[in-house]
Structures are given as C-alpha cells and as structure tokens.
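Written below as structure tokens is the structure these notes are about.
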Amino acid sequence: MDTLKSLKKYFGFDSFRQGQEELIENIVNGNDTLGVLPTGGGKSICYQLPALMLDGICLVISPLISLMKDQVDSLKENGIRAEFINSSQDIKTYTETLRKIKRNEIKILYISPERLENEFFIDFIMEVNISFVAVDEAHCISQWGHDFRPSYKLIPQIYDLFDNKIQIAAFTATATKAVREDIIKNLKLSDPFVKVTGFDRENLLFEVRKPKDKMAFISSYLKDKKDLSGIIYASTRKRVESCYRYLKKLSYNVTFYHAGLSDKDKKKNQEDFIYDRKNIIVATNAFGMGIDKSDVRYVIHMNMPKDMESYYQEAGRAGRDGEKSDAILLYSTQDIVINKYLISQSPNRAYQLVKLEKLQTIINYVNTNKCLRAFILEYFGQEAKEKCDNCSNCLDDYEKIDASLDSQKVLSCIYRLDQRYGTSTIVDCLKGSNNKNSKEKNLKAVSTFGIMKENDSKYIKDLIGVLVADGYIKVSGLKYPILKLNEKSKEVLFYNKKVFIRDLKEDNIKEKIEKFSGNSDYDKDLFNNLKKLRLEISKKRNIPPFIVFSDASLIDMARLKPKNEHEFLKIKGVGEKKLSQYGKFFIGKIKEFEN
Ligand code: ADP
C-alpha cells in the first residue's frame with residue numbers, strides 16, 4: 001500500500017506535512033535518518049507509519065515515561081498495535097507485554113533510555129525482530145542542547161547488540177547546527193538522511209507585551225476564553241501559585257504544576273489538564289516536555305524565558321492540531337535582572353557566558369521592531385518574509401516615532417566613550433547626569449555629554465534595546481555588557497538609515513486582542529455540542545478527549561456537517577478505525593443538531 005493511503009487509513013490525514021514523506025520513505029528504504037521538525041510539526045507519524053509498513057517491531061526511545069501511555073492509547077485508538085514498557089508498570093503487565101512481543105502481536109514498542117541498562121530486557125530484545133529504532137527528542141543526547149539526559153548515551157550500545165545492523169531514525173525540534181551535529185556524532189548515525197523542515201508554525205500568533213500589570217492583562221485576555229485549553233508559564237513556584245490563586249478566585253477552571261509538588265499531585269494536576277477536567281494549567285518550565293495535548297489554544301509566558309530555544313519549544317505547545325492559537329510573551333525589566341542573577345549563580349564561567357549569550361537573544365526578541373516571526377525564523381537560520389501579518393509587531397496599530405536622530409546621538413556617544421561602557425554609563429552621559437558614576441568617569445569631558453537631557457532615561461534605554469535587538473549595536477563582555485559599534489551602525493551614523501520605535505499605549509491592547517481572535521467559518525454551537533460528546537466518550541473509555549478526536553477534527557465536522565459514513569471519512573483525523581468506532585455517534589449528534 002502506498003504511504004499516502006496508509007496515512008489516511010491509520011491516521012485519517014489526506015496529505016503529509018512538510019518533511020514527513022521524505023523521512024518516511026528514507027526510513028522504509030533502510031537509511032539512518034535525522035528529522036528536525038518544529039514542536040507540533042508531526043514527528044511521531046514519521047516513525048509510526050514506517051513501523052506499520054516494515055516487518056518487525058519498531059523500538060521507540062522516548063524520554064518521558066509519564067507520556068508513553070498517552071502515545072500508546074492514541075495509537076490504539078487508530079487501531080495500531082502498540083505498547084510501552086516502563087518502571088510504572090506492574091510485573092503482570094510487563095510480562096504480558098513481553099509475551100505479546102514474542103508472539104509478534106505488536107508493531108511499536110515505547111521504552112525509556114534507562115531500560116537499556118536492564119540486562120534481562122537487553123537479552124530479550126536481542127531475540128526480537130526489530131525493524132528500526134526511533135529516538136524521540138534526540139537533542140537529549142547533546143550537551144549543547146537544553147535538556148541533556150545522560151541516559152541517552154546508552155543508546156549507541158544498540159549497535160553492538162545488533163552487530164551494527166540496526167537502523168536509527170532520530171527526531172528533534174532543536175534546530176541549531178551544533179546540536180544537529182552532536183546528534184549525528186553521538187548516536188553514530190551512518191551517512192544519515194537529514195531533513196530540517198521550515199520552522200514556521202503558521203497557525204501561531206506571536207505577541208510580545210510589557211504590561212504594567214501582568215495579572216490584569218491575563219484576566220482580560222482570558223475573559224472570552226473560559227472553555228479553551230491554555231498553558232500559563234511562570235518562572236518560579238511562588239509565581240505559579242500566586243497566579244493560580246488569582247485565577248481560581250476569578251472562578252477559572254485552573255490547576256498548577258511545578259517541581260515542588262509530590263509525584264502524586266503532579267500526576268493528578270497534569271491529568272486534570274490533559275483530560276479537560278481543568279482548562280488552564282499554570283506551571284514552571286518543569287511542565288510540558290512531550291505533552292502532546294493537541295488542542296492547547298494559547299501559551300502565555302508571564303516571565304521572560306531563559307533563551308529562544310526554550311521559548312519556541314514551550315510556545316510551540318500551542319496549536320499542535322494546526323488550528324489558530326496564541327503564543328504570548330509578557331515581560332518586565334525585572335525579568336531580565338532575575339535571569340541574569342540566576343545565571344551568575346553558576347560556578348562555571350564558560351557556562352555563564354553561553355547562557356548570557358542565549359539570554360541576549362530573547363532580550364532582543366522582546367525589543368525588536370521587526371516582525372516577530374521573521375525574528376524567530378532568522379534566529380533558527382531560516383529565511384523569512386519581512387512581514388507575517390500574524391504577530392503583534394505586524395498587527396499592532398502603533399505610532400511610529402522617528403528616532404533616527406536620537407539613534408545617531410546614542411551611537412556617537414558610544415564612539416566618543418571609546419566603546420568601553422554599558423547602557424547605564426551611556427545613558428548617564430547622554431542625560432548629562434552628575435551622579436557618582438558620571439564624575440568617576442569624567443563624562444563631562446565628552447562632547448555628547450547632556451545632548452539628550454530633554455529625554456527621559458527610560459526612553460534612551462528602550463532605544464538602546466531596540467538598536468541592540470535590530471543589530472545596530474553589538475553587546476560584548478556579557479557579564480558586564482559593553483556596547484560596541486559594528487558595520488550596521490555606520491548605516492545610521494553616516495548613510496541616513498532611518499530608525500523607528502514604537503509608541504505602544506497599553507490602553508489599545510484590548511482592542512487588538514479582539515482582532516487576534518479572528519473569525520471562524522464553522523458552527524460554534526455545533527462544535528461545543530461535539531465537544532460534549534467527545535468528553536462523554538473520553539470519560540467512558542478513560543482516555544484524554546484529544547485522543548478521541550482533536551479540536552481540528554471537531555472543527556472540520558462543525559464545518560462540513562457530514563451526514564453519512566462516506567462524508568465522515570473525509571474529516572481530518574478520521575481513519576478506518578475511528579470511522580467504525582465513533583462515526584455513528586458523531587453523525588447522529590450532527591443530525592440531531594441540524595433538526
Ligand atoms: P511533534 O512533532 O511535536 O512530535 P506530533 O507528532 O505530536 O508533533 O504531531 C502534532 C499534531 O499534528 C498531532 O495532533 C498529529 O495528529 C497532527 N499531524 C501530524 N501529521 C499530520 C498530517 N500529515 N496532517 C494533519 N495533522 C497531522
């Protein structure tokens with residue numbers, strides 16, 4: 001059977017997403033592969049489909065045992081024989097799974113990397129016909145990545161076990177070249193087919209705000225989103241709990257998650273969110289790796305994350321089903337101070353420098369005047385259109401202030417002070433300040449002293465932030481950042497390059513957000529009815545609602561209103577198994593609604 005037909009039969013999709021088809025073909029043809037797709041890009045199908053097309057069992061190595069059950073449940077819902085083995089299981093289930101493997105009754109087996117330390121399991125697996133090994137979240141093998149897991153180093157032993165005859169398909173969402181090279185080297189991939197797809201997540205709307213009152217911003221945003229699933233990230237346990245309490249007081253259906261909770265509470269709160277018993281989860285970044293809930297409609301960061309990679313991964317948990325979703329980053333100057341302080345606590349200087357450099361990228365993201373999507377894509381080494389019309393920088397209707405002359409003043413001041421100082425000294429000099437710093441450095445003697453005394457310090461600081469973000473000033477000596485000029489500075493200083501900054505008035509925000517919600521071309525009442533049916537089924541079968549059907553499938557149903565099985569099969573995410581298992585209930589509900 002060809003791959004496209006199998007895709008529809010098992011997963012109910014009519015077309016491949018970017019990169020999927022080539023990766024699948026290469027795996028089926030026996031090549032080692034490395035697939036770099038963004039979070040939500042559809043990595044799982046890249047190994048699940050070949051697993052069904054090849055003889056034997058596909059062994060999937062996945063870092064989070066807590067999520068294996070969902071992954072396996074989701075495959076079973078599509079009629080695919082999959083199981084997992086992990087330390088949470090009782091011995092009876094474990095031996096039953098081994099028996100099924102022996103009898104060739106399963107096609108996909110999920111394990112954690114630690115399982116490869118278990119000699120009994122290794123002896124057992126050597127007798128099994130393994131089609132190939134899929135390594136999920138492969139960046140965990142790289143020290144350059146942000147979630148290094150020592151146990152991933154165990155994976156290459158597999159070659160010895162199978163006399164070098166085993167094939168590996170690795171997947172990650174981390175795009176940097178160093179990580180990619182590390183994966184290939186450390187996993188010992190042999191002449192692999194590497195596919196790095198575009199990193200754009202078109203359905204995500206990116207928004208950056210610096211509200212005076214973050215909680216007020218969040219509650220105003222959530223007002224018309226009571227029934228939608230969303231994640232709110234905060235940087236500390238204390239902040240998580242206070243945001244949780246705030247929203248609970250406002251009667252939101254909310255839970256929370258951080259590393260200080262007992263394992264039992266963590267599990268319960270996570271499941272409440274996944275099973276739609278709670279709509280909102282407020283969490284530290286301890287939450288979310290591998291969370292594959294597909295209908296998360298927004299991810300809000302209450303504080304600035306530590307780097308661009310973490311941000312894109314966390315924000316990418318919104319809208320996996322391809323439906324419109326929001327990725328909102330709220331920040332304050334205090335966030336930058338705290339992040340720097342945390343980094344300074346590390347005893348390792350080299351590590352501090354790497355982390356500070358990474359932090360600067362996210363500082364640039366919040367300060368940039370450019371299209372936010374273009375900024376992200378360029379950071380990941382991809383070309384992008386100048387404007388996306390789906391981010392706050394493109395959509396905001398802000399006043400543009402021509403800051404070209406002020407920019408020249410800032411750049412001249414950096415030059416006059418021999419490119420030896422950081423932001424505060426430059427501001428002191430431009431403001432003509434008489435403080436201790438100014439006197440110590442004898443700033444008075446410089447010709448740019450006091451040339452911006454009419455402007456307030458905040459404006460000058462913000463302007464410097466924009467000039468750094470958009471590359472007109474270079475920051476070096478990260479611990480005590482020094483502002484330096486570069487080639488691009490000359491464009492402003494000598495060639496009249498215009499620099500604009502935004503005049504963002506907070507009062508406008510509400511109106512803009514309404515614009516973000518967008519119009520929908522499906523029947524919302526029917527959608528809500530179908531959601532209720534999905535919840536009933538999910539409770540009865542004890543599986544998360546999004547595993548029964550994703551929001552994308554329900555939206556498609558509420559749009560096309562299928563009347564019979566033939567039409568139902570055209571719905572996104574409806575394959576043979578889902579048609580036979582659920583078709584009549586959903587068609588019935590749609591008919592009932594229409595009458
Ligand atoms: P990730 O790359 O983050 O592991 P997943 O494999 O979890 O992403 O896929 C994200 C979502 O996209 C899932 O809900 C999945 O069903 C859906 N998906 C994957 N491939 C396709 C496709 N070809 N067409 C439509 N939806 C798809």
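One-based numbering, in listed order, for ligands and for the atoms of each. Side chains included, hydrogens not; waters and symmetry mates left out as well; all remaining heavy atoms used. All residue numbers in this chain count up from 1 along the given sequence.
Ligand-side atoms of ligand 1 in range of P38: 2 (O), range being under 4.0 angstrom from any heavy atom. Set against the non-hydrogen atoms of T39, the atoms of ligand 1 under 4.0 Å away are 3 (O). Heavy-atom proximity to F16, at under 4.0 Å, picks out these atoms of ligand 1: 23 (N).
Taking a cutoff of 4.0 Å between a charged side-chain nitrogen and a carboxylate oxygen, K531 and D227 do not qualify as a salt bridge. The existence of a salt bridge linking K539 and D276 is excluded, since no basic side-chain nitrogen approaches an acidic carboxylate oxygen closer than 4.0 Å. Between K293 and D295 there is a salt bridge, since a side-chain N of the basic residue sits under 4.0 Å from a carboxylate O of the acidic one.
Under the 6.0 Å distance and 45° angle rule, R149 does not count as a cation-pi partner of Y152.
Each of E22, Q18, E21 was checked for a side-chain hydrogen bond (donor to acceptor under 3.5 Å, both in side chains) with K195, and the lone residue meeting it is E22.
A heavy-atom distance below 4.5 Å is not found between the side chains of Y257 and T255.
Within the structure, the closest approach of S550 to ligand 1 does not fall below 4.0 Å when heavy atoms are considered. Residue-ligand proximity: C46 is placed with every non-hydrogen atom at 4.0 Å or more from ligand 1. Contact analysis puts I45 in contact with ligand 1, with a non-hydrogen atom separation below 4.0 angstrom. Proximity of S15 to ligand 1 is established by a heavy-atom distance of less than 4.0 Å.
Contacts between A552 and ligand 1, counted as non-hydrogen atom pairs separated by less than 4.0 Å, are absent for every part of the residue. Heavy atoms of A173 found under 4.0 angstrom from ligand 1: none, in either backbone or side chain. For K572, no heavy-atom contact with ligand 1 is shorter than 4.0 Å.
For atom 14 (O) of ligand 1, the nearest protein heavy atom (residue, atom name, distance) is S294 CB, 3.7 Å. Looking only at heavy atoms of the protein, atom 6 (O) of ligand 1 is closest to S44 OG, 2.6 Å. Atom 12 (O) of ligand 1 has as its closest protein heavy atom R17 NH1, 3.0 Å. Regarding atom 10 (C) of ligand 1, its nearest protein heavy-atom neighbour is G40 O, 3.7 Å. In terms of protein heavy atoms, atom 8 (O) of ligand 1 is closest to G42 N, 3.2 Å.
In this structure, S325 contributes its side chain and E323 its backbone to a donor-acceptor pair below 3.5 Å. A donor-acceptor distance shorter than 3.5 angstrom exists from the side chain of R317 to the backbone of G288, with no hydrogens or angles considered.
Counted within 6.0 Å of CD on E594, heavy atoms from surrounding residues, nucleotides or ligands total more than 12; the atom is thus considered enclosed. Within a 6.0 Å radius of NZ in K226, other residues, nucleotides and ligands contribute more than 12 heavy atoms. Within a 6.0 Å radius of CD in E378, more than 12 heavy atoms belonging to other residues, nucleotides or ligands are found.
When K293, R320, Q313, Q20 are checked for heavy-atom proximity to atom 20 (N) of ligand 1, Q20 turns out nearest. Of the listed residues (F546, F171, F13, Y47), the one carrying the non-hydrogen atom nearest atom 16 (O) of ligand 1 is F13.
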